[in-house]
Colleague: 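I'd like to ask some things about the structure below.
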Number of protein chains: 2
Amino acid sequence: MMDVAERAQVSPSTVSLYLRKPDAVSATASRAIAEAIDALKYVPNLMAGGLAAASSRAVSVIVPSVRNAFFAETVATMQAELGKERLQVMLGHSEYSEREEENLVKMALSWKPAAVVLTGLSHSATTRRLLKDGNVPVLELWELGGEPIDMAVGFYHEQVGSTAATHLVQRGRKRLLFLGARLQEDRRATLRADGFLKTARETAGVSAEIVQHPAPANAAIGAMLLAEAIRKYPDIDAVACSNDHIALGVIFECQRIGVQIPERLSVIGFGDLSFSAACNPALTTIRPPGDLIGTEAARLILDRINETGRATPTVIDTRFTLLQRQSS
Amino acid sequence: MMDVAERAQVSPSTVSLYLRKPDAVSATASRAIAEAIDALKYVPNLMAGGLAAASSRAVSVIVPSVRNAFFAETVATMQAELGKERLQVMLGHSEYSEREEENLVKMALSWKPAAVVLTGLSHSATTRRLLKDGNVPVLELWELGGEPIDMAVGFYHEQVGSTAATHLVQRGRKRLLFLGARLQEDRRATLRADGFLKTARETAGVSAEIVQHPAPANAAIGAMLLAEAIRKYPDIDAVACSNDHIALGVIFECQRIGVQIPERLSVIGFGDLSFSAACNPALTTIRPPGDLIGTEAARLILDRINETGRATPTVIDTRFTLLQRQSS
DNA sequence: TTGAAAGCGCTAACAG
DNA sequence: CTGTTAGCGCTTTCAA
């Protein structure tokens, strides 16, 4: 930076100012500095900047796993949005463990991040304390309904379950079933199951049960669950799945054992994954706005950093969309 | 750190040493320092550390998109492995653009990363120059066959295509087709197509064509491609798909139009995605070792950082696996 | 709008 | 194995 300043005939602090707030520097100086940066191929050292400013241009994003398409979508969107403002995404995977999440938060704080982004509303006591004391913007994504540490962007998962149940009932179904995977770890899937069962059972003449498996969701588990469901509850006429991977397995299993969808069995999923519209039959599902969550989250972070006077909202409900297709 | 040193009755540099190389500090000092860190709830400032060391504990990982399950797998694995050594993953998405990748590399270099990880072997000239001059370990993942900037971990995609063709021919197929999506951007899918066509056409009595679509791969595109393929080449008896999303669409479309798999048509995919084994019929596919690529990459980076004397290899061929299932 | 000065909190020789 | 010393390359008042 000193070399750039020398070449541009200004002081280092003017170069620094130019880099951070270009508008505060005169056109003449700006031109000279830009030329010097270019000629010298100057690359700012963000470590030094972060040290001096006691805050870095890194945003720590912690999700259960980026292998999960939902979180991948949000992470990808956030990186794209934050990258435009030259903010770096630092990624961490909690693998659905609060202990691991806590470690990641500790590591993250060492970087003096511009913001910390978590998934969901349940965290260890230490995590909450670290973050509250940390004097850093905190965002919790993908879940609404509890008390956020700072800001939250997401939707109500009980509503998702409730919407699914209502939809199936409206289609004339009476014997409902929820098919869930890894419910012990996936709090949000559990909330969807709760909402589903509650709404279904509150409806006169409708019954609802749940069948689950502890392994992570995939189509093979979905197929197993459907087989087990048919065995346990031969008279079911509709299943709601904790996500579309499970629903895909249900579709394949029904094909194999000759259960007609939707005539004999209605199926609704969650996720609207890339294959859902192309299934045979096309899968009715509920689409969570993974990308919207990402853009809204990025916007809140940017607002905070730029302290745009106007108080930023604390909670954003992105809602979700029911997509009715052939399977119901 | 000075507070910790004072409380532990040692000098700050001993604390620093303890933090970086615990084994180099006496047991007595270690105990005292650990106690002090705990009591004071000391959180190291990695920005300061990075500045002083002229190198940070951040690893920049740039992939086309983490929405793609292949790269998500590698990113997740790398984060887990590097996280154990307290290295942070900084994520960037090139969206298959060399220009965007170049921007991300420039941003990454500002952080003085411990290593830069890219996807594939083709990059802009500037990217290559920046990285070669950057005096930073560079890894290129998921592709072998060219001249790596520094180190590479992956496999040969032409071999994948060739393996698929050979498999189909061995199953007695004669009229082969490659179904591809987004080949103009996805160099590795193009390499697989090339290998497939070459091997098929070199085989006596076997013909091979290609049908493609410019949109990103998903099941709907796969269904469209299959329909188009049947129209153009009514006598095909086998299709290889650029990935399993396409293959899934093919399976559904064949169900709809009544084409028997594998009797009338053999299908092979690429990816072994989470649904592939559970399809109806189960999908024959080629599994790329996304997790192995991640662990090997992490190992190379760690070796470099710790300068484990022994020269680290420059290129690692992880190979891939053919999984024969019902669809062929 | 610009510049001088004073660090930010740590690392890395080096000597002991 | 431990301590001394001299910065790393920026940002940020504050004054001009």
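Chain naming here is simple, since letters A, B, ... match the order of the sequence lines and numbering starts at 1 in each. A quick note: this is a predicted structure, and the numbers were derived from the prediction, not measured.
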Colleague: Given B/Val117 and B/Val59, is the side-chain contact (heavy atoms from CB on, under 4.5 Å) satisfied, shown in steps?
Modeller: CA-CA 7 Å; B/Val117 179; B/Val59 172; 3.9 Å; yes
Colleague: Closest heavy-atom contact between A/Ala76 and B/Val66?
Modeller: CB-CG1, 4.1 Å
Colleague: Would you please name every residue forming a ring-ring contact (aromatic ring centres under 6.0 Å, His included) with B/His157, sequence neighbours left out?
Modeller: B/Phe155
Colleague: 5' to 3' on DNA chain D, which nucleotides open and close the contacts with chain A (atom under 4.0 Å from a heavy atom)?
Modeller: D/dG9 to D/dT12
Colleague: Answer yes or no: is there a donor N or O on one side and an acceptor on the other, between the side chain of A/Arg57 and the main chain of A/Glu85, under 3.5 Å?
Modeller: yes
Colleague: Given B/Thr74 and B/Trp142, is the side-chain hydrogen bond (donor to acceptor under 3.5 Å, both in side chains) satisfied, shown in steps?
Modeller: CA-CA 9 Å; B/Thr74 298; B/Trp142 276 95; 2.9 Å; yes
Colleague: Give the rounded distance in Å between these two atoms: CE of A/Met2 and C1' of C/dG3.
Modeller: 13 Å
Colleague: Rounded to the nearest Å, what distance is computed from the CG atom of residue B/Leu40 to the P atom of nucleotide C/dG9?
Modeller: 14 Å
Colleague: State, with a plain yes or no, whether a side-chain heavy atom of B/Tyr42 is found less than 4.5 Å away from one of B/Leu19.
Modeller: yes
Colleague: Show the nearest heavy-atom pair for residues A/Ala5 and A/Ser11, with the distance to one decimal.
Modeller: CB-C, 3.6 Å
Colleague: Could you tell me how far apart A/Trp111 (CH2) and C/dG9 (C1') are, to the nearest whole angstrom?
Modeller: 14 Å
Colleague: For DNA chain D, which residues of residues 8-24 of chain A approach it to below 4.0 angstrom with any heavy atom?
Modeller: A/Ser13, A/Ser16, A/Arg20
Colleague: Under the criterion side-chain hydrogen bond (donor to acceptor under 3.5 Å, both in side chains), I'd like the reasoning laid out for A/Ser124 against A/Glu102: C-alpha separation, chi angles, the key distance, then a yes or no.
Modeller: CA-CA 7 Å; A/Ser124 78; A/Glu102 185 178 313; 2.7 Å; yes
Colleague: Want to settle it: does B/Lys112 or B/Ala29 sit nearer the 5' end of DNA chain D, counting the closest nucleotide to each?
Modeller: B/Ala29
Colleague: Of the options C/dC10, C/dA12, C/dC8, whose atoms approach the side-chain atoms of A/Leu51 most closely?
Modeller: C/dC8
Colleague: Rounding to an integer number of Å, can you tell me how far B/Glu6 CD sits from C/dG9 P?
Modeller: 15 Å
Colleague: Which part of the nucleic acid, if any, lies within reach of B/Ala54 when heavy atoms closer than 4.0 Å are counted: base, sugar-phosphate only, or nothing?
Modeller: nothing
